[in-house]
Each structure stands twice: as C-alpha cells, then as structure tokens.
Student: 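For reference, the structure I am asking about is given below.
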Amino acid sequence: MKKILILFLIVSAYSCKTTQSTTAKDNSDPTKYVKAISEKDLKKMLYTVASDEMEGRETGSKGQKKAGLYMIEQYKKSGISFPKGAKDFYQPVPAAFMNARRNQNLPDSENIWAYIEGSEKPDEVLVISAHYDHVGIKDGEVYNGADDDGSGTVAVIEMAKAFAKAKKQGHGPKRSILFLHVTGEEHGLHGSRYYSENPLFPIENTIADINIDMIGRRDVEHSNTNNYVYVIGADRLSSDLHNAVVSQNEKYIKMDLDFKFNDPKDPNHFYERSDHYNFAKHGIPAVFFFNGVHEDYHGKGDEPQKIEYDALTKRTKLAFVVAWDLANRENRPVVDKK
C-alpha cells in the first residue's frame, strides 16, 4: 500500500509538472507582450534614425551605414542576434545588382537582419520587413525620412524587442522570425529583391511577409483621425492572412482598417511599390501596412517632430499581434489565390 501511495505521488507530481510546462508554452494571448511596445522607445529611436546625423540615409552612403550601426546596437542591447547561417548582421547587396536594370551609380550597400529562432517549427520563417534607406541630401538639405521609412524601421526593432522578451519568459515564437531591414527601396525595391532572389532560408519555408512602410502620420483622407491604417495585399494570395489581420485587429487593437488601396485597379499601384511585393512575386503571402501619402512625402519636411507617436505605437502593435498569430498558429497561411 505504501509503495502504491509513493508511486501515485510521483505520477501526480510529474503530471503537475507537465501541465505547468504546457501552460508555460501557451502562446494564445499576446496581450502581455503587446504592452511591451513602448511609445517612448519608438520616439527615442526615431529621433536618432531620422536625425541630420544620418544624412538622409541614401543607399550605400555613410549616413545609411551609421544608421545601420545604431539599429544593430539596439538588437544587441535586447540580446537579439543575427540569423543562424549568417556571419553577422549584414547581407551585402552588390552595386552591380542594384545598377543592372537602370544604372544610378549606386554603391555597394547591405540589408540588415536579426533573428529569433522558433521553438517548435524553426525551419518555418516569418519575415517582418521595412526599408531603412531614404533619399539623402538634396541642394544642401537633409531629407530625414522620419515617416518614410524611419517609422517602419523602428517599428520592426520594437517588435523584435517584444518577441525577445516573450522568449526570455518562456513564450518565444513557435516559428522563426527574420527581422529584415532592406536597402535600396527608394531606387527600385533593390534590397528586398536581392533577398528574395538570394534568401538565407529557403523561400518555400517563408510563410509570410509583414511589410511596414510609413506608419507614423495621417493622410488627407483621414484628417479627423489617426486611428486607421491602410491594409494592402493581405488577400491577394491568402485568405488566411487577410483573416488573421482582421481578427487580430478586432480582438486586440480595434483600429479602422482601410482597404481602399488594396483594390487591384488602384491607380496608385501601392501594392507594387513597397518591399512586400518581392515576396509576393515568389508566391509568399504578404501584407503591407501604410498610413498613406501626406504633404511631406519625399520632402524635407518629413521630420520626427511631425510623427504622431500614438498612431505609430498603435500600428506597431497591430503588426505585432498579426506577427504573433502567424508565428504561433498551428498551420502556416494557406496560399489559396493566384
């Protein structure tokens, strides 16, 4: 009888431990980590990335490289490393590649990448992208590109920090996440094209791309509110991806989703004008978050003091909860459209 009692206690203890372990890996609710996304931190980073010191971050310039070093420093501070299989935080993008189609005398440049490995399906990779180049200096004026795309750049870093915090607390993403800052967007989406043609991880293992390009301001169409974001491309290849954006927004963020520019007949062709497109061309489901064009688009007035940091924070949180869902759901988004 005594032996049976001891055996019962051992089995009960093991069962309890197993239950606790399973509970610790329950990633169904991102609420705690959404709160880790900080308006203060986004603002601090953006005032650096979009400062005159970075000289407008022209592709391959000293200013862009300086901004890149600052970005890498933020990843290192959060304990986030470069991807396995890479030797450092850089993917070199040769000048010959960028100038092959239309020679703009661009120098060598580099994409910057960081990585959090998945706990259960590490070979499946979610890409979160933003371009970190801008248009540089014109007629002695620095074009700082705070919204385009300083806003997306700092959003990706802040999302990575939130995922890193989750991992430290036993809630790391089940799939791997590649945080990809691409170069050469302003000259023809070169950095994302280079990655899509020279991926670090097999392109067929890339489950989706979340692309963030300009999320810190508002356009004329939404002059009375900044509680919106344009959603472009989510349903072009995958109804699963579209449904994830809608459901995660309804559950956690409650922002107005504007699909105006998602119309295939949109004369602006925004779907083809940012870096997600180079993933979509390879059959990868992709969504583009965007605040629309404003009066300082590609102008010298695109400065960090004009960013609406509450909107930047809320849109970053939306991208985060969508990423959380994609990284942790049972099945990758199904490609059910052409």
Side-chain angles (χ1 to χ4, degrees), residues 27 29-51 53-54 67-81 89 112-116 126 128-132 144-173 177-181 210-218 225-229 245 248-249 251-255 289-291 302-328:
N27 287 358
D29 188 355
T31 302
K32 179 178 179 181
Y33 303 105
V34 172
K35 293 177 180 177
I37 292 172
S38 163
E39 180 176 328
K40 180 180 177 181
D41 289 348
L42 286 165
K43 186 173 184 177
K44 181 179 179 181
M45 287 191 290
L46 188 51
Y47 263 86
T48 300
V49 168
S51 67
E53 190 179 352
M54 306 306 177
L69 288 172
Y70 173 78
M71 292 153 54
I72 290 169
E73 181 185 344
Q74 304 314 302
Y75 283 113
K76 288 181 176 179
K77 283 181 179 178
S78 298
I80 303 168
S81 187
F89 283 95
I112 291 174
W113 49 27
Y115 176 76
I116 294 178
L126 169 66
I128 304 176
S129 61
H131 73 91
Y132 73 109
N144 281 318
D147 195 25
D148 185 16
D149 184 29
S151 61
T153 298
V154 299
V156 172
I157 297 171
E158 190 69 5
M159 290 168 64
K161 288 162 62 178
F163 274 110
K165 180 178 180 179
K167 184 167 186 175
K168 288 175 185 176
Q169 296 182 356
H171 293 278
I177 304 178
L178 180 68
F179 303 94
L180 183 64
H181 301 270
I210 297 173
N211 186 51
I212 308 171
D213 191 353
M214 297 177 60
I215 60 166
R217 302 255 314 248
R218 71 177 81 182
T225 180
N226 62 22
N227 187 44
Y228 77 96
V229 69
V245 173
Q248 294 303 103
N249 178 62
K251 193 170 183 179
Y252 299 109
I253 310 299
K254 303 188 186 308
M255 178 177 286
F289 292 121
F290 177 52
N291 57 216
D302 187 5
E303 294 285 348
Q305 63 268 26
K306 293 185 179 180
I307 296 294
E308 298 183 54
Y309 288 94
D310 58 338
L312 171 57
T313 305
K314 197 166 186 179
R315 292 164 182 156
T316 302
K317 289 180 176 181
L318 173 61
F320 177 80
V321 295
V322 173
W324 183 278
D325 176 75
L326 297 176
N328 290 298

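The figures here come from the full heavy-atom set of this structure, side chains too, leaving out hydrogens, waters and symmetry mates. Starting from 1, each residue takes its place in the sequence as its number.
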Student: Would you compute the distance between atom CG of N291 and atom CG of N226 and round it to the nearest 0.5 angstrom?
Tutor: 9.5 Å
Student: Give, for atom CD1 of I157 and atom CD1 of I128, the distance between the pair rounded to the nearest 0.5 Å.
Tutor: 12.0 Å
Student: Can you confirm whether K314 sits close enough to D310 that some side-chain heavy atom of one is under 4.5 Å from a side-chain heavy atom of the other?
Tutor: no
Student: Could you tell me the separation between the OH atom of Y115 and the CG atom of L178, rounded to the nearest 0.5 Å?
Tutor: 8.5 Å
Student: With distance as the sole test, does S151 use its side chain to make a donor-acceptor pair with the main-chain N or O of I215 at under 3.5 Å?
Tutor: yes
Student: Please walk me through it: do M159 and I177 pass side-chain contact (heavy atoms from CB on, under 4.5 Å)?
Tutor: CA-CA 11 Å; M159 290 168 64; I177 304 178; over 6 Å; no
Student: Indicate yes or no: does K161 engage E158 in a salt bridge with an N to O separation below 4.0 Å.
Tutor: yes
Student: Looking at P173 and N328, what are the two nearest heavy atoms and their distance?
Tutor: CA-OD1, 3.6 Å
Student: Looking at T313, is its backbone amide N or carbonyl O close enough to the side chain of E39 to form a donor-acceptor pair, meaning the two atoms are under 3.5 Å apart?
Tutor: no
Student: Could you point out which residue of K76, M71, K77 forms a side-chain contact (heavy atoms from CB on, under 4.5 Å) with E73?
Tutor: K77
Student: Taking the side chain from T153 and the backbone from H131, do they hold a donor-acceptor pair closer than 3.5 Å?
Tutor: yes
Student: Ignoring hydrogens and geometry, is there a side-chain-to-backbone donor-acceptor pair from D149 to Y132 under 3.5 Å?
Tutor: no
Student: Side chains of T31 and D29 only: does a donor on one sit below 3.5 Å from an acceptor on the other?
Tutor: yes
Student: Taking the side chain as every heavy atom from C-beta outward, state whether E53 and Y70 have any pair of such atoms under 4.5 Å apart.
Tutor: no
Student: Just say parallel, tilted or perpendicular for the rings of Y33 and W324, cut-offs at 30° and 60°.
Tutor: parallel
Student: Do K32 and Q169 come close enough that some side-chain heavy atom pair is under 4.5 Å?
Tutor: yes
Student: Write down the atom of A146, the atom of P304, and the distance for their closest heavy-atom approach.
Tutor: CB-N, 3.4 Å
Student: So, the side chain of E303 versus the backbone of N144: is there a donor-acceptor pair under 3.5 Å, distance only?
Tutor: no
Student: State, with a plain yes or no, whether a side-chain heavy atom of N227 is found less than 4.5 Å away from one of K254.
Tutor: no
Student: Which heavy atom of I253 sits nearest to which heavy atom of L318, and what is that distance?
Tutor: CG1-CA, 3.8 Å
Student: Rounded to the nearest 0.5 Å, how far does NZ of K317 lie from NZ of K35?
Tutor: 9.0 Å
Student: Side-chain contact test, heavy atoms from C-beta onward, threshold under 4.5 Å: evaluate it for L46 versus Y309 and give yes or no.
Tutor: yes
Student: Find out whether F320 and I37 are in side-chain contact, i.e. whether some heavy atom of one side chain is under 4.5 Å from a heavy atom of the other.
Tutor: yes
Student: Closer than 3.5 angstrom, by distance alone: can the side chain of S78 be matched with the main-chain N or O of I80 as a donor-acceptor pair?
Tutor: no
Student: In Å, rounded to the nearest 0.5 Å, how long is the span from NZ of K167 to CD1 of I116?
Tutor: 6.5 Å
Student: Taking the six-membered ring of Y228, is the NZ or CZ of R315 close enough (under 6.0 Å from the centre) and on axis enough (within 45°)?
Tutor: yes
Student: Assign the ring pair F163 / F179 to parallel, tilted or perpendicular, where the plane angle (0 to 90°) is split at 30° and 60°.
Tutor: tilted
Student: Quick one, L326 and I210 - any side-chain contact, counting heavy atoms below 4.5 Å?
Tutor: yes
Student: Below 4.5 Å, heavy atoms only, C-beta onward: do V49 and M54 meet side chain to side chain?
Tutor: no
Student: How many angstroms lie between atom CE of M45 and atom CD of Q74, to the nearest 0.5 angstrom?
Tutor: 6.5 Å
Student: Test your reading of the model: is there a side-chain donor-acceptor pair from D302 to the backbone of D148, 3.5 Å cut-off?
Tutor: yes
